[in-house]
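The structure appears below as structure tokens.
Because only heavy atoms are used, hydrogens play no part in the values below, and waters and symmetry mates are left out as well, while side chains stay in. Order of the sequence lines fixes the chain letters, A, B, ..., with proteins taken first and strands second; residue numbering starts at 1 for each chain.
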Protein chains: 2
Amino acid sequence: MFSNSTKYAIRTIEYLLNHHGDEKLSVANLAKELDIPQPFLSKIMQQLSKGGVISSTKGRGGGFYLSKENMNRPLIDVVICIEGYNVFDKCILGLKECSDENPCLLHKYYKVFKGSLVKPIGQDSIEELLRTPSG
Amino acid sequence: MFSNSTKYAIRTIEYLLNHHGDEKLSVANLAKELDIPQPFLSKIMQQLSKGGVISSTKGRGGGFYLSKENMNRPLIDVVICIEGYNVFDKCILGLKECSDENPCLLHKYYKVFKGSLVKPIGQDSIEELLRTPSG
DNA sequence: AGATAATAAGATATTTTTATCCTAATAAAA
DNA sequence: TTTTATTAGGATAAAAATATCTTATTATCT
């Protein structure tokens, strides 16, 4: 479903949010805490930063963090920033045409999934979604 | 979610099932009908055949088809045959530990999905699942 | 101003997935 | 028995994803 890059991105943003208020966090720090290869996470963070999904400051005491604006964006923006598109817009079996009228085999099942996962991801802000304890 | 290989496999098996009773179908034929690169589909069919998910006969008039046994296997076997494991057993965010007690961020959403898609895929036979018109 | 600690960015390497090609083996038909 | 149409299988190629390394740039502290 998600690429490793996207998985890492989501997990890192969650961590960033839950450790907000502390000083900004360096890639080295994040990579260690989240058990992600450091240089790879560095690449991902650059991409997220360029896409405006996270913020950063350079220099001593710098690092990555989430601004108020960052927190107000829907989580799906993170996915789009990494993957380049909304992965959930595509047919689960890769058909070019797949809709309620012209469904693939698994369309009806996948639709339930979209209703339950993709909707909150697409609508709710990062803060709303990630701050609530999951279960 | 699924790799291209798996998507192709599922679509081809669906086609095979719906054209059962006709003569066996060649890779060339299937690739053309389903718009899949022929040599790539060939590889996939070999793998499925070796895994016992589909059947084949060589020589003139030969081709691929589904035996009664093939039809009675759950669709998840196709996924396992291609991917090497059940992709749905893994955490959507790639956590090593992810359960109801110790859930990742998206665990509760993903769980709904599993209930709706993975359950039928894992339990129902290929014939039951694919023969029914979807929607 | 200089040293330091951090991100930014580009070049490169590795691995996996996807795709292609070619030859061998097989089975049926002529 | 020869030809033909097919799968089987191995060798290889191309592309994408994943991972690493190195250097440049920047901001803060001393």
| message | Below 30° counts as parallel, above 60° as perpendicular, anything between as tilted: where do the rings of A/Tyr110 and B/Phe113 land? | response | perpendicular
| remark: Outer limits of DNA chain D sitting under 4.0 Å from a non-hydrogen atom of chain B, read 5' to 3', are D/dA5 to D/dA11
| request: Compare every heavy atom of A/Leu93 with every heavy atom of B/Arg11, then report the nearest pair and how far apart it is. | output: CD-O, 3.4 Å
| query | Which heavy-atom pair separates A/Ser49 from A/Ser56 by the least distance, and what is that distance? | reply | OG-OG, 3.8 Å
| Which residue pairs satisfy the ring pair (Phe, Tyr, Trp, His ring centres under 6.0 Å) criterion with at least one member in residues 33-62 of chain B, sequence neighbours excluded? | B/Tyr8-B/Phe40
| message | With the threshold set at under 4.0 Å for non-hydrogen atoms, list the residues of residues 56-69 of chain B touching DNA chain C in residue-number order. | response | B/Lys58, B/Gly59, B/Arg60
| said: Using the rule given for side-chain contact (heavy atoms from CB on, under 4.5 Å), can you reason through B/Leu30 versus B/Leu16, listing the C-alpha separation, both sets of side-chain angles and the distance that settles it, and then say yes or no? | reply: CA-CA 8 Å; B/Leu30 289 164; B/Leu16 234 39; 3.8 Å; yes
| query | What about A/Val112 and B/Leu106, same hydrophobic cluster or not, with Ile/Leu/Val/Met/Phe/Trp/Tyr joined at side-chain heavy-atom distances under 4.5 Å? | reply | no
| message | Can you see whether B/His107 engages B/Asp100 through a side-chain donor-acceptor pair at a distance of less than 3.5 angstrom? | response | yes
| remark: The correct set of residues in residues 32-41 of chain A placing a heavy atom under 4.0 Å from DNA chain D is A/Pro37, A/Pro39, A/Phe40
| remark: Nearest heavy-atom contact between B/Ser3 and B/Ile82 is OG-CG2, 4.4 Å
| A/Val78 vs A/Leu75, side-chain contact (heavy atoms from CB on, under 4.5 Å): CA-CA, chis, key distance, verdict | CA-CA 6 Å; A/Val78 175; A/Leu75 188 61; 4.0 Å; yes
| note | Heavy-atom nearest pair, A/Met45 first then A/Ile54, reads O-CD1, 3.6 Å
| Which is true for A/Ser5 with a 4.0 Å heavy-atom rule: it touches a base, it touches only sugar-phosphate, or it touches nothing? | sugar-phosphate
| query | So A/Ile92 and B/Leu117, side-chain contact (heavy atoms from CB on, under 4.5 Å) or not? Walk me through it. | reply | CA-CA 11 Å; A/Ile92 188 175; B/Leu117 171 60; 4.0 Å; yes
| message | Can you list, in residue-number order, the parts of residues 77-87 of chain B that come under 4.0 Å of DNA chain D, counting heavy atoms only? | response | none
| Looking only at heavy atoms, which two atoms of A/Lys24 and A/Thr57 are closest? And how far apart? | CD-OG1, 3.4 Å
| message | Does A/Ser99 form a side chain to side chain donor-acceptor pair (under 3.5 Å) with A/Asn102? I'd like the steps, not just the answer. | response | CA-CA 5 Å; A/Ser99 60; A/Asn102 191 21; 5.4 Å; no
| message | I'd like the 5' and 3' limits of the part of DNA chain C contacted by chain A, with heavy-atom contacts below 4.0 Å. | response | C/dA5 to C/dA11
| Taking it one step at a time, do B/Phe88 and B/Ile76 satisfy side-chain contact (heavy atoms from CB on, under 4.5 Å)? | CA-CA 10 Å; B/Phe88 300 110; B/Ile76 195 73; 4.0 Å; yes
| query | Any side-chain heavy-atom pair from B/Lys96 and A/Asp35 closer than 4.5 angstrom? | reply | yes
